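Have a look at the structure below, then the notes.
Being a predicted model, the structure only gives us computed values, none of them experimental.
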Amino acid sequence: MKLWRPANTITVKALALIWQDDALLLTDIHDDSGRVTGMRPLGGTVEFAEPWRDALQREFLEELGARISLLDNHFVMENIYEHHGVAGHEIVFFCHAHFTDSSFYKKESFAFKDSDETDGTAKWISLDELAARGLELYPAGLAERLECRKSAGNPGRILS
């Protein structure tokens with residue numbers, strides 16, 4: 001198993017917030033022993049000179065073979081974190097989105113290969129279920145940000 005460590009640079013990510021009722025499409029995050037420590041929305045790294053919206057759509061095509069429509073409501077978070085003693089620093093664009101093909105909402109899980117050729121699985125999970133399992137929503141602070149939007153009556157969700 002290849003051990004992942006954060007880059008020694010600031011990376012720019014784009015992640016999609018795709019909802020099905022109260023469940024968000026999330027993928028597992030593992031530690032070095034393979035234990036699931038948390039989950040995060042799908043997306044990936046923005047390439048040099050690539051607009052973040054294009055990167056997000058590219059990532060979904062590459063990983064799931066799916067087209068997504070990006071909504072207007074988006075936000076940015078700075079994520080400074082530590083992973084196995086190594087500091088990481090990301091600027092993350094989050095965008096509410098939905099699948100253009102509604103059949104994707106009928107799937108319980110999605111197998112995919114990440115850009116580093118690691119196998120991944122994404123599944124629908126509510127924030128309450130995530131918390132009940134004792135898992136974190138990454139990046140840190142995202143769960144609180146989504147709860148604030150929900151409380152304000154602006155979750156940005158697409159109901160299936």
Side-chain angles (χ1 to χ4, degrees), residues 2 4-30 38-83 86-107 109-125 127 130 136-160:
K2 181 180 172 188
W4 178 86
R5 294 296 180 262
N8 192 19
T9 60
I10 298 172
T11 57
V12 179
K13 302 270 184 179
L15 304 179
L17 300 169
I18 300 180
W19 296 92
Q20 177 171 234
D21 301 320
D22 69 340
L24 190 57
L25 187 61
L26 301 172
T27 187
D28 294 336
I29 301 295
H30 302 88
M39 299 183 86
R40 75 164 176 84
L42 293 178
T45 302
V46 177
E47 303 296 334
F48 181 76
E50 180 183 38
W52 68 266
R53 288 178 168 275
D54 293 351
L56 192 48
Q57 291 180 326
R58 174 186 50 78
E59 288 285 342
F60 270 78
L61 271 174
E62 289 175 358
E63 293 180 356
L64 299 183
R67 294 195 182 279
I68 58 173
S69 291
L70 305 180
L71 304 178
D72 289 335
N73 49 347
H74 65 276
F75 58 94
V76 179
M77 290 178 64
E78 182 175 34
N79 183 29
I80 300 173
Y81 61 97
E82 186 175 303
H83 179 75
V86 178
H89 191 170
E90 303 172 325
I91 304 300
V92 187
F93 289 87
F94 291 94
C95 189
H96 290 277
H98 63 86
F99 289 113
T100 58
D101 178 350
S102 63
S103 70
F104 281 92
Y105 292 100
K106 295 178 180 135
K107 295 183 179 189
S109 64
F110 304 81
F112 66 92
K113 278 220 185 287
D114 215 339
S115 57
D116 66 357
E117 293 301 310
T118 353
D119 291 327
T121 303
K123 53 193 155 250
W124 303 104
I125 185 164
L127 299 181
L130 193 65
E136 297 289 326
L137 179 63
Y138 295 125
L142 178 58
E144 293 78 11
R145 183 77 180 253
L146 294 175
E147 286 300 326
C148 286
R149 293 181 74 85
K150 189 168 127 184
S151 299
N154 184 19
R157 299 176 184 180
I158 298 296
L159 302 177
S160 62

Is the closest side-chain heavy-atom distance between [X] and [Y] below 4.5 Å?
| X | Y | answer |
| --- | --- | --- |
| Leu70 | Leu56 | yes |
| Met39 | Ile125 | yes |
| Phe94 | Asn73 | no |
| Pro41 | Tyr138 | no |
| Trp124 | Ile18 | yes |

**Report entry** Neighbour count >12 (heavy atoms, 6.0 Å) for atom CZ, Arg67
**Finding:** no

Is the side chain of [X] donor-acceptor paired with the backbone N or O of [Y] at a distance under 3.5 Å, no angle test?
| X | Y | value |
| --- | --- | --- |
| Glu147 | Glu144 | no |
| Asp101 | Ser103 | yes |
| Gln20 | Leu25 | no |
| His74 | Asp72 | yes |

Quick one: pull up [atom1] in [X] and [atom2] in [Y] and give me the separation to the nearest 0.5 Å.
| X | Y | atom1 | atom2 | answer |
| --- | --- | --- | --- | --- |
| Leu24 | Leu127 | CG | CG | 6.0 Å |
| Leu15 | Asn79 | CG | CG | 9.5 Å |
| Leu42 | Thr27 | CG | OG1 | 5.5 Å |
| Met77 | Ile91 | CE | CD1 | 10.5 Å |
| Ile68 | Arg58 | CD1 | CZ | 11.5 Å |
| Leu137 | Leu130 | CG | CG | 6.0 Å |

Applying ring-ring contact (aromatic ring centres under 6.0 Å, His included), name anything that partners [X], two or more places apart in sequence or on another chain.
| X | result |
| --- | --- |
| Phe99 | Phe104, Tyr105, Phe110 |
| Phe93 | Trp52 |
| His89 | none |

Return the minimal non-hydrogen interatomic distance between [X] and [Y], and the atom names on each side.
| X | Y | result |
| --- | --- | --- |
| Ala97 | Ala16 | CB-CB, 4.3 Å |
| Phe112 | Thr121 | CE2-N, 3.6 Å |
| Arg5 | Val86 | CD-CG2, 3.8 Å |

Report task. May I ask you to check whether Trp19 and His98 place their ring centres under 6.0 Å from each other? Result -> no

Query raised in the report: Is it true that Glu62 and Lys113 have a side-chain N and a carboxylate O under 4.0 angstrom from each other?
Result: no

Query raised in the report: Between Asp28 and Arg40, does at least one N-O distance fall below 4.0 Å, as a salt bridge requires?
Result: no

Query raised in the report: Yes or no on ring pair (Phe, Tyr, Trp, His ring centres under 6.0 Å) for Trp4 and His83, after CA distance, side-chain angles and deciding distance?
Result: CA-CA 9 Å; Trp4 178 86; His83 179 75; 5.0 Å; yes

